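The next block holds one structure in the form of structure tokens; read it before the comments.
Order of appearance sets the numbers: ligands from 1, and atoms from 1 within every ligand. From a predicted model like this one, the values you see are computed outputs, not experimental measurements.
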Amino acid sequence: MSESRQTPSRHYAVCPHDCPSTCALEVEKLDDNTIGRVHGSKNNSYTASVICAKVARYAERVHHPDRLMTPLRRVGEKGIGVSAFEPISWDEALETIVDRFTQIEQEHGAEAIWPYFYAGTMGWCHRGANHRLRHAKRYSGQKETICISISDAGWKAGTGSKRGVDAREIAESDLIVVWGGNPVHTQINVMTHIAKAAKQGAKLVVIDPYRTPTAAKADMHLMLKPGTDGALACAVMHQLLKDGYEDADYLARFTDFDEDVRQHLADKTPEWAAQITGLSVDEIIAFARLYGEHKKSYLRLGYGMSRSRNGAPNMHAVSCLPAITGAWQYPGGGALYGQSEIYKGMDRAPLHGTDLADSSVRELDMSRIGPVLTGDRRDLGDGPEVKALFIQNTNPMAVAPDLNKVHEGFRREDLFVVVHEQMMTETAAMADIVLPATTFLEHDDIYTASGHTHLQVSKAIINAQGECRSNHDVVSELAKRLGVDHQLFEVSALEIIEKSLQDSNLPTAEQIHQQQGLDLLGSFEESHFLNGFGHADGRFHFYADWQALGDKEGVLPRLPDHAELIDAADAEHPFRLVTAPARTFLNTSFTETPGSVKKEKQPMAFIHPEDCDALALEEGGWVALGNSLGEVRLKAKPFAGVQAGVVIVEGIWPNHAFIDGIGINALVSAEPALPDGGAVFHDTKVWLKAGRS
Ligand SMILES: Nc1nc2c(c(=O)[nH]1)N[C@H]1C(S)=C(S)[C@@H](COP(=O)(O)OP(=O)(O)OC[C@H]3O[C@@H](n4cnc5c(=O)[nH]c(N)nc54)[C@H](O)[C@@H]3O)O[C@H]1N2
Ligand SMILES: Nc1nc2c(c(=O)[nH]1)N[C@H]1C(S)=C(S)[C@@H](COP(=O)(O)OP(=O)(O)OC[C@H]3O[C@@H](n4cnc5c(=O)[nH]c(N)nc54)[C@H](O)[C@@H]3O)O[C@H]1N2
Ligand code: SF4
Ligand SMILES: [Mo]
């Protein structure tokens, strides 16, 4: 029955985590229930055998002693570290949910039930399970704003289409600019391709408020203040135009650049930007010249610069650079933010249950789960309060903004919460019913990628652990018991995937799996926008139409600029906080694995040594960070790789890792960013005090 433990077989799979790399994996299978090491596949030219350490150690997660194995019912009071649970059968768990959902629907209407999910798995079938259920039942919908809505708007304002130059072309670039991303932590494969270019003499520039491990590898690191990228980009454009580095022919043929744009940039001098960014005039000019001199320049744009109230205009301003120099025309030149439109030929209707959708059903903003659960009428309108949550693939008790409000909402006694999870997260701890979920090693799914262009199908390698069930299986069973009669809930995950592929005229799931992915990369002309940009006029837009993207009141600047919308430091809150990703966590996933916890140790605030002196803070001493939304306490770490007045906290640690039991997002506002919502994780003013232990 079981295979030999001596010679593990290797099986292709796809990393399901919310990471632009979507790596092709080779998983060692020890027996039908057990995996060994996980490796990067050499057959995928983007993965190129490399994966991150946390997934290489995936056995720690899938076989974690605390992995959820049976359905559970909470007994007694709820709270992190307070809730107690008893095992129940699947039948009992599902019947309890059906009874409560039916009762809530009868008393308050279907919209009082809110299926809440995100990208804990990026697989379209198990990620979309919530969509299928909510459409079928007309439960409240979810506006997906927590990660990409600000950056998408910023990128699309200029290019009109979310795709860009293939990352494998980086090998041909002579200058790579990693702007607002930290790939050493967040998508290691970018570094593989940069290393190839570096061997040919390419230079690396990193633009980030702190000296990340990526910045530490750079030839030039511009350590700007958070939320000031628009100013830097404008000054770079100013200097490029002043020094004659623009490609006038390209600008005329491919963009809407005109004399007014030139005039507008004329006073965006390096001196002006130096004031705003905290960089020196020399640094700004040196970067502009480097960029101007290298036409095969590749911008790898991260999300970091977008997680601010002015994030969309910042992203747009930065995306204007290759249009000025015409870098788009050259191999290894141009920019990449994300590749999702490469996959537009894939019909996702079966995966989303679109046929069942009713557009009159309300959508609630997921980033505002705190205000929503505490009854904010700006969110609820005249609809019902949320009385039940059905949660898959996300951990809002830690990851969502305005965390004190989120906790207050989850504590409501009249809120019925179901959490389908792999681990006893802090969100699961607040549930009435907890359901155990399979991992990607135990179910089948289909994956697109943001950092590359392969469509991949992954299949189960080991048996479902304990009584774990997949998202699709749980949602299908629930839908049937709730009286829904639809084909989508009668078939397997693989059958839904096949239907989607068939409707898209793509090869079968089996074929795609067999060949370990289908590369959908378009032609050079296509990926470099030489056939035209995504707007109706085919041009790159220096003039951003923010109104069309949702900025109804026209607050955002039409032309690239520094928009003064950020939560600027003031006398009472002299510091700006950036809550950046930790290397061996992925959001809160892996905060439970021993290998990751050992590496990350504990939450720490990186503070400039001068600020530490002024506040009498010592290495390892406690520091309190606070603002009108809350207060958190953690260890201080004097750190010279950041401007004075800026504080960096890496990782979304569990609340219980902080002394007061509330995590870093207690300080982050849930105010939606323009033009169409989004969470502003790196845009927070705070005060600092030496704290007690
Ligand atoms: N190890 C690890 N990998 C991850 C994740 C993780 O938590 N850990 N998260 C995953 C997810 S969900 C996502 S969306 C991606 C995110 O991947 P990235 O795009 O790399 O991450 P960001 O959170 O956007 O932050 C990246 C960098 O932006 C910087 N930054 C913050 N504010 C500004 C600013 O105003 N301007 C500039 N120029 N830079 C700024 C931060 O200091 C940080 O170093 O990574 C994914 N991969
Ligand atoms: N302070 C701060 N906060 C942030 C960010 C930041 O940079 N700073 N980044 C934000 C960003 S970009 C994002 S995308 C969000 C992400 O936040 P989340 O989407 O909440 O990501 P995770 O914390 O990784 O939680 C995903 C959960 O899904 C579960 N899961 C995985 N696969 C499956 C499955 O197949 N079925 C089920 N039922 N569950 C599964 C995992 O066990 C895990 O607990 O966090 C945001 N929060
Ligand atoms: S780098 Fe990203 S996609 Fe690759 S294995 Fe690690 S988490 Fe998964
Ligand atoms: Mo994200």
SB check Lys405 Asp402 (cutoff 4.0 Å):
yes

Note: Met122, heavy atoms under 4.0 Å from ligand 2, region reported as neither

Check: Are Asp152 and Lys162 close enough for a salt bridge, meaning some N to O gap below 4.0 Å?
Finding: yes

Contact check: Gln422 vs ligand 2, nitrogen or oxygen atoms, below 3.5 angstrom:
yes

Geometry only, no angles: is Pro20 polar-contacting ligand 1 at N/O separations under 3.5 Å? no

Heavy-atom proximity to atom 29 (C) of ligand 1 ranks first, among Val178, Asp208, Ile148, for Asp208

Closest heavy-atom approach to atom 30 (N) of ligand 1 among Gly451, Gly180, Pro209, Ser21 is made by Pro209

Next on the checklist: Test your reading of the structure: does Asp18 have an N or O sitting under 3.5 Å from an N or O of ligand 2?
Outcome noted: no

Among Leu68, Val474, Asn393, closest by heavy atom to atom 26 (C) of ligand 2 is Asn393

Atom 12 (S) of ligand 2 sits nearest the protein heavy atom Arg307 NH2, 3.2 Å

| Would Val668 count as a contact of ligand 2 if the rule is a heavy atom under 4.0 Å away? | no

### Message
Under 3.5 Å between any N/O of Asn665 and any N/O of ligand 2: does that happen in this structure?
### Response
yes

Atom 44 (O) of ligand 2 has as its nearest protein heavy atom Glu421 OE2, 2.5 Å

Q.
Would Arg127 pass as a cation-pi partner of Phe117, given that its NZ or CZ must be under 6.0 Å from the six-membered ring centre and within 45 degrees of the axis?
A. no

Looking only at non-hydrogen atoms, the one of Val55, Val399, Thr186 nearest atom 20 (O) of ligand 1 is Thr186

